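For reference, the structure is listed below as structure tokens.
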Amino acid sequence: MPGPFSDVERSIFAAKEALSEDYQPDRILERDDEIEEYRHALEDVLFGRTPQNIMLYGRAGLGKTAVTTYMMDALREEVATRPDADELFVHEVNCNGQTVYSVVRTLVNKLLPETASDFPKRGLSTADVFEELYTQLDRRGGTHLVVFDEIDHLDDVDTLLYELPRARSIGHITDSKVGVIGISNNYTFRQDLSPKVKDTLMEAEISFSPYDAGELRAILADRADRAFVDGVCDESAVARAAAIAAKDRGNARQAIDLLRVGGEVAKKHGDSRVDDDHIIEAQELVQRGRLRNRIRDQTQHAQLLLETLAHLENRDETPARSKTIKTRYVSIADSHIVDPLTTLKSIQNHLSDLHMLGFLRRIDRNRGESGGRYYEYSLDLDPEIVLDIRSEIEAEREP
DNA sequence: GATCCACAGGAAATAGTGGCTT
DNA sequence: AAGCCACTATTTCCTGTGGATC
């Protein structure tokens, strides 16, 4: 008599969205200082003055994007009631994996009238796309706040951040105002900027510090309240997730992931409550998921090199120097019917990248006249997991 | 102390794709 | 069609580097 869905009512989630990555909370917890600074920096907009440029710093998962979305919504509402304020436009652009040209291009496309066709993907110079941006800004008029998320992923940020904040003073635009809001996961980003850019852009800098365990617990308790059926989530689970994340990097996203996966684990086991054992089990799953995404982001050759290193690791042939890695890599590339890279240099480039990303461990060797100087690499991950993930990825692309 | 090995690391050149303007 | 342009991923070329060896 019981059908396949008969025990669905026992589900422990009430509103799982509250634990998803793109959930936007309607109130922001534990970021009062940052919000206050933010508010101050945005005040000019309310009086129709040129907005300040704002930079946000802080690791991933510290609420930079959430606070920004929150602030922009609030600002939009407030502007509507203020007679002095110009019409406000907020544009968000994610810079991950983009170039200056493509970022400005997406901006232009957002400003273009509905009927117009998109700005060309290629074929035009960066100056052209900026020119189009300015005419579109002036056509719209008003105040524009441009949010560049993950701005540190952009190479050649200088051009972008030099051009845009100055557009008005140089006379590229006259009927509109532009403010730049940059979001960076990288603290050293500031040092990479040219001095010219630094002083214009750095009118307001807000840095987000890691959450401590107490703050995380408050955030998690709030989310757990919404996400889980009442009373299902143990306080110990919240405390455990907060503790793990606080010890790692004070990352709220990580903590929330732990809670969500912990809930899934409990559900899979058929348990009616979520406790800290579930969170501990979730920790490994979350870590593995992270690693899979990071590996997936790598180019094919880099992935093949990771696979090569995993094999070498299994045979106890690590640490290995680039030459031996290369010969193994070639045969592995062949087995996947991929054209291998031909030069040693390109292998070394990839190895060096992978080392910088924390996938590989590297030893500096110097045997003087009888061996010279070279590096030896070994895998800084569990080889079995790497091989597993690799075959998962490989299986996805075949069928 | 000069020399030398076998790379490391950076810059520039090359190749290849796609697509614009004139 | 010619001449640019953006962008990516190599390859080629060049200039260190630093301890062992002479």
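The shown structure was predicted, so the numbers you read here are calculated from the model rather than taken from an experiment. Order of the sequence lines fixes the chain letters, A, B, ..., with proteins taken first and strands second; residue numbering starts at 1 for each chain.
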Donor on one side chain, acceptor on other, [X] and [Y], under 3.5 Å:
| X | Y | value |
| --- | --- | --- |
| A/Asp334 | A/Ser331 | no |
| A/Glu281 | A/His269 | yes |
| A/Glu163 | A/Tyr134 | yes |
| A/Thr99 | A/Ser102 | yes |

Hey, can you tell me if A/Tyr377 and A/Tyr375 have their rings parallel, tilted or perpendicular (30° and 60° cut-offs)? perpendicular
Parallel, tilted or perpendicular: which one describes the rings of A/Phe119 and A/Tyr101, with boundaries at 30° and 60°? tilted
Verify whether the ring centers belonging to A/Phe228 and A/Phe13 lie closer than 6.0 Å. yes
May I ask you to check if A/Arg226 and A/Tyr23 form a cation-pi contact, with NZ or CZ under 6.0 angstrom from the six-membered ring centre and within 45° of the axis? no
Tell me: [atom1] of [X] to [atom2] of [N], nearest whole Å?
| X | N | atom1 | atom2 | result |
| --- | --- | --- | --- | --- |
| A/Gln348 | B/dG10 | CD | P | 13 Å |
| A/Arg373 | B/dC4 | CZ | P | 18 Å |
| A/His350 | B/dA8 | NE2 | P | 15 Å |
| A/Tyr377 | B/dC7 | OH | P | 12 Å |

Applying a 4.0 Å non-hydrogen cut-off, can you work out what A/Arg367 is touching in the nucleic acid: base, sugar-phosphate, or nothing? sugar-phosphate
Along DNA chain C, first and last positions that approach a heavy atom of chain A under 4.0 Å: C/dC5 to C/dT21
DNA chain B nearest-nucleotide lookup for A/Gly368 and A/Tyr375: closer to the 5′ end is A/Gly368
With a cut-off of less than 4.0 Å, is there a side-chain N or O of A/Arg365 near OP1 or OP2 of B/dC7? no
For nucleotides 11-21 of chain B, print each protein N/O atom paired with a nucleotide N/O atom at under 3.5 Å, atom names and distance only.
residue : atom : partner  : partner atom : Å
B/dG18  : O4'  : A/Arg122 : NH1          : 3.2

